[in-house]
Amino acid sequence: MKFVDEFRQRELADGLAAAIATEADSGRDYRLMEFCGGHTHAIFRYGIQDLMPDNVSFVHGPGCPVCVLPIGRIDNAIKLAVEDEVILCIYGDLLRVPGSGRTSLMKIKASGGDVRMVYSTSDALQIARANPDREVVFFAIGFETTTPATAVALKQARAESLPNFSVFCNHVLTPAAIQNILESPEVREIGSVRIDGFFGPSHVSSVIGSRPYEFFAEEYQKPVVIAGFEPLDVMQAALMLVHQLNSGRHEVENQYTRVVTREGNRKAQRLVAEVFELRRAFEWRGLGLVPYSALKIKSDFADFDAELRFDVPAVSASDVKGCACPQILRGAAKPTDCKLFGTVCSPDNPMGSCMVSSEGACAAYYSYGRFRQPRPDTEAAA
Ligand code: SF4
């Protein structure tokens, strides 16, 4: 398949691995954060860490939209389905994210709540048209990649004067989260988290462009390389980051030129600006309250804002005791640092959001078995 097969070729991967090993200075190490869960998934699926020299390692970031949603917002959605008795339309990833008290939208659905999995915002609109006597709420999540589709749905609902449709908006913004990590005490004061450079997200950057990262590169003196999601994309971006660090540069480079431009998708940006505005602050799992890091629906579209139509209180809820998702999302821990990993917590029985979504670091570690040590009597001998 074009744009896929040519970015998965073994011989080219071997060549890039050799180039990175040559470029990496044995006198130092390189800690590179992949902000985006799509990169985390690719790194584990293709065993990219195993192709790196020992002194090049990946730090997993908070770029999985399901993972960063705080429990309070899941509790809000559960309330909409249970107490307000709406038809709650959600993307499938959200079904099993634990809310307070070990409940989840899957359990609510099993006990009779009208929670419906949709593949697009147009599915949610169609459900609203087909059920004029019911309130239909679309649980909107995601980074800048999915926001334009929600904007289209809101415009469509207004154009049709669809009275029973509204959106519970949880769209979040990448640049604010990266800045929050770089400003965190673990990075700036304690120094327990060291990040030398960033893989910039691919799909997000196709919308916002590469320009928004120029500030971080300059202000925090960290190189950023926008990278695609295929294994050769990630490896080439790693080589570009190591090369920048060796050269003492901190610039924004674009490995994913087949999709991303400096300016991004202007049409999508205009659409988002027409429908959404910045929230003053939004809670992220792991990062806490992050200023200007999320979007809310503009007053022009207030009739379709579920937070205005229903009582949606600010809920503060703690993660499951022992769950290290907050630390993992800040790059301060790995899934294998969590005592629950692979014992109490697994994809079949997730205790935290990082084990639910395929883009979550815990799910990626678990699904691809990268945490397992080879058994000396079998695999090592093979
Ligand atoms: S393994 Fe489970 S409990 Fe531990 S951090 Fe990951 S999601 Fe949370």
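All ligand and atom numbering here is 1-based and tracks the order in the structure.
No side-chain donor-acceptor contact under 3.5 Å links Q179 and E183. Between the side chains of Q126 and R129, at least one donor N or O sits under 3.5 Å from an acceptor N or O. Judged by distance alone, the side chains of E251 and Q244 never bring a donor and an acceptor atom under 3.5 Å apart. Side-chain contact annotation: D337 with Q327, donor-acceptor N/O pair under 3.5 Å absent.
At distances below 3.5 Å, not a single donor-acceptor pair connects side-chain atoms of N76 with backbone N or O atoms of V312.
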>> Checking H41 against E359 for the side chain to side chain donor-acceptor pair (under 3.5 Å) test, could you report, in this order, the C-alpha distance in whole Å, the side-chain angles of both residues, the deciding distance, and whether it holds?
In response: CA-CA 5 Å; H41 181 85; E359 293 188 1; over 6 Å; no
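By the criterion of a separation under 2.8 Å, the protein N/O/S atoms near atom 6 (Fe) of ligand 1 amount to C362 SG.
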